[in-house]
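Below is one structure; the comments refer to it alone.
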Amino acid sequence: MIVEAHAAGRVNVIGEHTDYAGGLALGMAIDRGTTVRVERGGSVVRLRTDHDDSEAMVAIDIDATEMATARIEPEWARFVAGVVAELQPPTGATGTVRSDLPIAAGLSSSASLQLAVALALGFDGNALELATTCQRAEQRATGAPTGILDQLTIASAVDGAFVLLDCEARQTSAIPFPSEIAIMCVDSGERRAVADSAYRERRDECVAAEREIGPLRHATRGDVASIRDDTVRRRAHHVVSENQRVRDFVDALRDARYGDCGALLLEGHASLRDDFEVTTPRLDELVSHLATLPGVYGARMTGAGFGGHVIALCRADTDAADQFGWRARASQGVRVN
Ligand code: GLA
């Protein structure tokens, strides 16, 4: 039996570095992603990409679930191995992987690969189960304590809508994408893997804040102000203010106050730059430049940071930003044929 599974990449619109602190985020699955087409059978998962190089092929034994996933080469094989280890499929599969997502660029190419592989190997369950299985696969593959944002956004996204994530309740809701606006994706050209970034350090700093003032999701600005260590206080300030920005963004979106939505994106970027310190000079420069263009309401980095993509919220009927990137369409996250 031939199975074709597709999983989109994602744009996180607002709510960055909040997921692992039980926070809020608003994102969408995009019209670029990964397609895995396989024939099931045998005891090995054998996948080939259309890249013409020595790294084009991976073969993972379905019984070798305890291998050191984070050290397998080539790198993309780690994500396949992570999914195999978590899913423990009854049979292997042989087939191809095609992706039109830029790799390690803040658009969740790895989550997209994991979800497509899991579905191609016969994953059976709901969106949250798919997301948590693939989150564990990603943690095995990268060795980084990544949150559920990417996988849950993609697994639950429906066509033509944003996905609002509540990472504490682990609930999602769809919010219609208005036809008057567009989201542009602009590549900074900078690449940095989550595993070798300061991701773990940031997460540990949030844990340190929570030890002092309790869950950040329920902390007030007053609680944050009482944190003794300056760095930990700034990290907590980002998370608490970012959760509020997600709420405000959703309200502004529902009222068609797109100027307010844009201002919130710019505030979010400034907070990631000054309080959370995960931007780069190139990302800051791009955001500032995009924000000056006619028809652009606001811009910010998207994803873990330290490079990757910037998004801009624009009026749908203006094309001033089009020369810098491409328009992402809010799409269904996963499908299997
Ligand atoms: C990466 C992680 C997510 C999330 C973002 C930052 O994409 O995989 O879990 O923490 O960074 O918002």
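Counting begins at 1 with the first residue of the sequence. As the structure lists them, so they are numbered: ligands from 1, and atoms in each ligand from 1.
Within the listing of ligand 1, atoms 1 (C), 2 (C), 3 (C), 7 (O), 8 (O) sit less than 4.0 angstrom from a heavy atom of D150. Close approach of ligand 1 to A304 is summarised as follows: ligand atoms under 4.0 Å from at least one heavy atom of the residue are 1 (C), 11 (O).
Under the 30°/60° scheme for interplanar angles, the aromatic rings of F324 and H289 are found to stand perpendicular. Taking the six-membered ring for Trp and thresholds of 30 and 60 degrees, Y199 and Y20 have ring planes more than 60 degrees apart, a perpendicular arrangement.
Distances between N or O atoms of Y20 and those of ligand 1 include no value under 3.5 Å. When only interatomic distances are considered, the shortest N/O to N/O separation between H17 and ligand 1 falls below 3.5 Å. For ligand 1, one of its N or O atoms has an N or O atom of G147 under 3.5 Å away. Residue D19 has at least one N or O atom closer than 3.5 Å to an N or O atom of ligand 1.
Tested against V80 for a side chain to side chain contact (heavy atoms under 4.5 Å, CB included), the candidates I60, V97, V36 yield a single pass: I60. For the pairing with R217, the salt bridge (Lys or Arg N to Asp or Glu O under 4.0 Å) check across D166, D19, D223 returns one residue only, D166.
Neither the backbone nor the side chain of Q151 has any atom closer than 4.0 Å to an atom of ligand 1 (non-hydrogen atoms only).
Annotation for A111 and Q151: closest pair CB-NE2, 3.9 Å, computed over non-hydrogen atoms.
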Note to self: Run L119 and L130 through side-chain contact (heavy atoms from CB on, under 4.5 Å) and show every step you take.
What the structure shows: CA-CA 9 Å; L119 291 168; L130 174 62; 4.1 Å; yes

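The shell of residues lying under 4.0 angstrom from ligand 1, judged by heavy atoms, includes R10.
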